Protein chains: 2
Amino acid sequence: MDPLTEAQQKLMPEMTELLKKRYQILLTIKLEEPIGRRALSELAGSTEREIRKETDLLRNQQLVVAKSAGMIVSEQGVAVLDALRDFMRDVSGLIAMEKQLKSLLGISKVLVLPQDSDDIPAVKSNIGKEAARLLEAFFPQYKKIAVTGGSTMAAISKELSSDKRDSLLQFIAARGGLGEDVLHQANTIASSFAGKTGGSVKTLYLPDHLSEEAYEMMMREPVIKEMMDLYDQTDVVVHGIGNAEEIALQRQSSTEEVERIRSGGAVSEAFGYYFDKEGKVVYRIRTAGIQLEQVQKAPAILAIAGGRSKAKAILSYFRNAAPQTILITDEGAAQKILELTQKQEEI
Amino acid sequence: MDPLTEAQQKLMPEMTELLKKRYQILLTIKLEEPIGRRALSELAGSTEREIRKETDLLRNQQLVVAKSAGMIVSEQGVAVLDALRDFMRDVSGLIAMEKQLKSLLGISKVLVLPQDSDDIPAVKSNIGKEAARLLEAFFPQYKKIAVTGGSTMAAISKELSSDKRDSLLQFIAARGGLGEDVLHQANTIASSFAGKTGGSVKTLYLPDHLSEEAYEMMMREPVIKEMMDLYDQTDVVVHGIGNAEEIALQRQSSTEEVERIRSGGAVSEAFGYYFDKEGKVVYRIRTAGIQLEQVQKAPAILAIAGGRSKAKAILSYFRNAAPQTILITDEGAAQKILELTQKQEEI
DNA sequence: TTTAGCTGGACACTTATCGTCCCGCTACAT
DNA sequence: ATGTAGCGGGACGATAAGTGTCCAGCTAAA
């Protein structure tokens, strides 16, 4: 780190926290504009008064302007965000974390974003935005993109900029409809991606919890077979990583399933597979969808998960993840992962 | 200025003031160490509590350590001071001020130091220190140095580092003994300089307020004549600049003299000469000492004066000062000077 | 041995901050 | 056209933080 910055921090130790807080607020406003105090305080995870104090300051500094519909970031504000982006990543130690995680997880790229989405819901939007930027960078080269479901994936679709339209893009739902909220189903997300980018969409509608015979029969259907072939040609896989138990409960799985997941020691879940803490597959939901092998042979894989509560799941998943996988996460998760592994080393 | 710093300031406008304050306190401790809270609060011009709050912080940051004799700056603290020195000058706009003053006063070099010695007595020590560094840089080249009196000059002698000893140096009292405090007489200062540097000293003892005849007679004395010749060979002149009225009062001048000084519109004083606001000599104390012409033909001249109260005097003196003169002043004086000249331009 | 000056602790008091509610307004959806 | 949700700004008692001031105990120099 810059020796000047270090000296500043020595003389003003409160600077880092204060800068982080204000930067986060300004960033959140930018991501959600126009937004009011109350909504902002929800997203930032602080009280209305706190938000008010800081936004008053930001307004005085002419970084945001207050319109009747809410606050928006001024041109100057955007400039400040840009100027501080790398600095904030450095000063928070994010760059150092990325390096550590890269070697720890054995993958080529890790992106760690500020704060913790467990504390500050707005961090999810930022993760979504950066994931969207990364994904968009693949568009010229790769056209067949498989996407899963989940709120994390929804955040990405929100942040896809519509000025990168490309009608050749093909978004493929990586999984069939499951017992999840329809808004966060892979099918919904895939069509949302397509809508934002002007690409086409391939959805997969298969009810969850089929009997084995029904399942086998469906797999012989041409529409379904076509999807299975598409999975083989996938260029990019974009997926979230979940906590095994949470996901199992969300899906209203049968008690038998939950039992198998529990007894197998499942920690993480991704595209229908459950992994234990060694990264071994301990269970798989019997529904159509992309195969683990198909994911791993894709040229590019984006794995997205934030919040310290996901640390264990991330660690579990990356025990056997493909080396070309790119992880996009946040400070909270990254910190926790490094803590956990450090403890293990001590033992 | 660095765009990153600018962005930081936008997001944390209180940073500048806070940094300045803490930097100044740390610097003052360094200059006066070991020093206690009460003495420090006097020098810094703030309350004991304020000082205590900040020094507690500095101690927590391990920039200072508290010994029973007082606080001293740690190694880390010195590093912080060094790292921040140029930054503070930049962020306070001192560098910009120096440029403006250089062209305004028509001289080649101006050094502006932080804060205002009218508010913070410790600033004088800093001015003294920097003046000492500048003077020391001349030592290899120039050996004959004429010095005047005053508290400013005393501050320099305090800060002369004794590890630059040079027995060839010759310090010449630029003036005879005047009705001033003996501690701040040119003679005292000159011998103090000599003591610190290992050089020799030439003092000039002549009572103030001599009759004209006695004065003429003295001037024919060999000891005195020798001094007059030395003035001709002076390499460096180091002098302060005073407010005409203050100096006149300090010297317990006769009412006649004070009247002449007043009616002449004298604003500034330096080495016994009084200048009006156009820089014209309006009066000269009849005592032995260096001549204005002798000063102006010296290869190097250091003029030192700080505090906004000295702004008018500085401005007055530099109306006709030699272009090789170097001004060492502080933020308060510099700011006031620029304000004053800006007002004149508006009219 | 005395004394001056230092740190660290203590405490009442003032000041600023915070949580909370309300108001009038605007923009959008009905 | 009209209702309504959400906005910024104002206000104010409760509360926490900061401030001025003193004292005890200690150390080092005179």
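Just so it is clear, the structure is predicted and the values come from calculations on it, not from any experiment. We name chains A, B, ... by the order of the sequence lines, and we start the count at 1 in each one.
Every ring pair (Phe, Tyr, Trp, His ring centres under 6.0 Å) that A/Phe171 has, sequence neighbours left out, goes to A/Phe193.
Taking every heavy atom of residues 35-46 of chain A and every atom of DNA chain D, pairs under 4.0 Å involve A/Ile35, A/Gly36, A/Arg37, A/Arg38, A/Ala39, by number.
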Could you list, one pair per line, each protein nitrogen or oxygen that sits under 3.5 Å from a nitrogen or oxygen of nucleotides 17-20 of chain C, together with the distance?
residue: C/dC18; atom: OP1; partner: A/Lys53; partner atom: NZ; Å: 3.4
residue: C/dC18; atom: OP2; partner: A/Lys53; partner atom: NZ; Å: 3.3
residue: C/dG19; atom: OP2; partner: A/Thr47; partner atom: OG1; Å: 2.7
residue: C/dG19; atom: N7; partner: A/Arg49; partner atom: NE; Å: 2.9
residue: C/dG19; atom: O6; partner: A/Arg49; partner atom: NE; Å: 3.1
residue: C/dG19; atom: O6; partner: A/Arg49; partner atom: NH2; Å: 3.4

Protein and nucleotides 25-30 of chain C: nitrogen or oxygen contacts under 3.5 angstrom:
residue: C/dT26; atom: O3'; partner: A/Ser68; partner atom: OG; Å: 2.9

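Looking only at distances, no side-chain donor or acceptor of B/Asn187 sits under 3.5 Å from a matching main-chain atom of B/Thr203. At least one donor-acceptor pair under 3.5 Å links the side chain of B/Ser157 to the backbone N or O of B/Ala154.
Using a 4.5 Å heavy-atom cutoff, the side chains of A/Ile328 and A/Leu134 are in contact. The shortest side-chain heavy-atom distance between A/Gln61 and A/Leu57 falls under the 4.5 Å cut-off.
For B/Glu42, the CD atom counts as loosely surrounded, since its 6.0 Å shell holds 12 or fewer non-hydrogen atoms of other residues, nucleotides or ligands. By the 6.0 Å contact criterion, NZ on B/Lys20 is enclosed, its count of non-hydrogen atoms from other residues, nucleotides or ligands being greater than 12.
Annotation: the span from A/Lys21 atom NZ to B/Met12 atom CE amounts to 10.0 Å, rounded to 0.5 Å. For the atom pair B/Glu54 CD and B/Ile29 CD1, the distance stands at 10.0 Å (nearest 0.5 Å).
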Next on the checklist: Determine whether B/Glu246 and B/Lys310 satisfy the following criterion, salt bridge (charged side-chain N to carboxylate O under 4.0 Å, His left out), listing intermediate values before the conclusion.
Outcome noted: CA-CA 11 Å; B/Glu246 275 179 35; B/Lys310 290 255 180 107; over 6 Å; no
Item to check | Criterion salt bridge (charged side-chain N to carboxylate O under 4.0 Å, His left out) on B/Lys30 and B/Glu75, from CA distance to verdict | outcome: CA-CA 11 Å; B/Lys30 178 65 201 164; B/Glu75 214 168 301; over 6 Å; no
Item to check | Verdict with supporting geometry, B/Arg85 and B/Asp82, salt bridge (charged side-chain N to carboxylate O under 4.0 Å, His left out) | outcome: CA-CA 5 Å; B/Arg85 193 175 170 281; B/Asp82 284 348; over 6 Å; no
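The footprint of chain B on DNA chain D, defined by a heavy-atom cutoff below 4.0 Å, extends from D/dT19 to D/dA28.
Contact check on B/Glu14 versus A/Arg22 returns a salt bridge, with a Lys/Arg side-chain nitrogen under 4.0 Å from an Asp/Glu carboxylate oxygen. One finds a salt bridge joining A/Arg308 and A/Asp119 here, because a Lys/Arg side-chain nitrogen approaches an Asp/Glu carboxylate oxygen to under 4.0 Å.
Side-chain contact check for A/Ser125 and A/Glu159: no donor-acceptor pair (N or O, by modelled atom type) lies under 3.5 Å.
An angle of 20°, rounded to 10°, separates the two end axes of the helix from C/dT1-D/dA30 to C/dT30-D/dA1, each defined over five pairs.
Rounding to whole angstrom units, CG of residue B/Leu58 and P of C/dG8 are separated by 13 Å.
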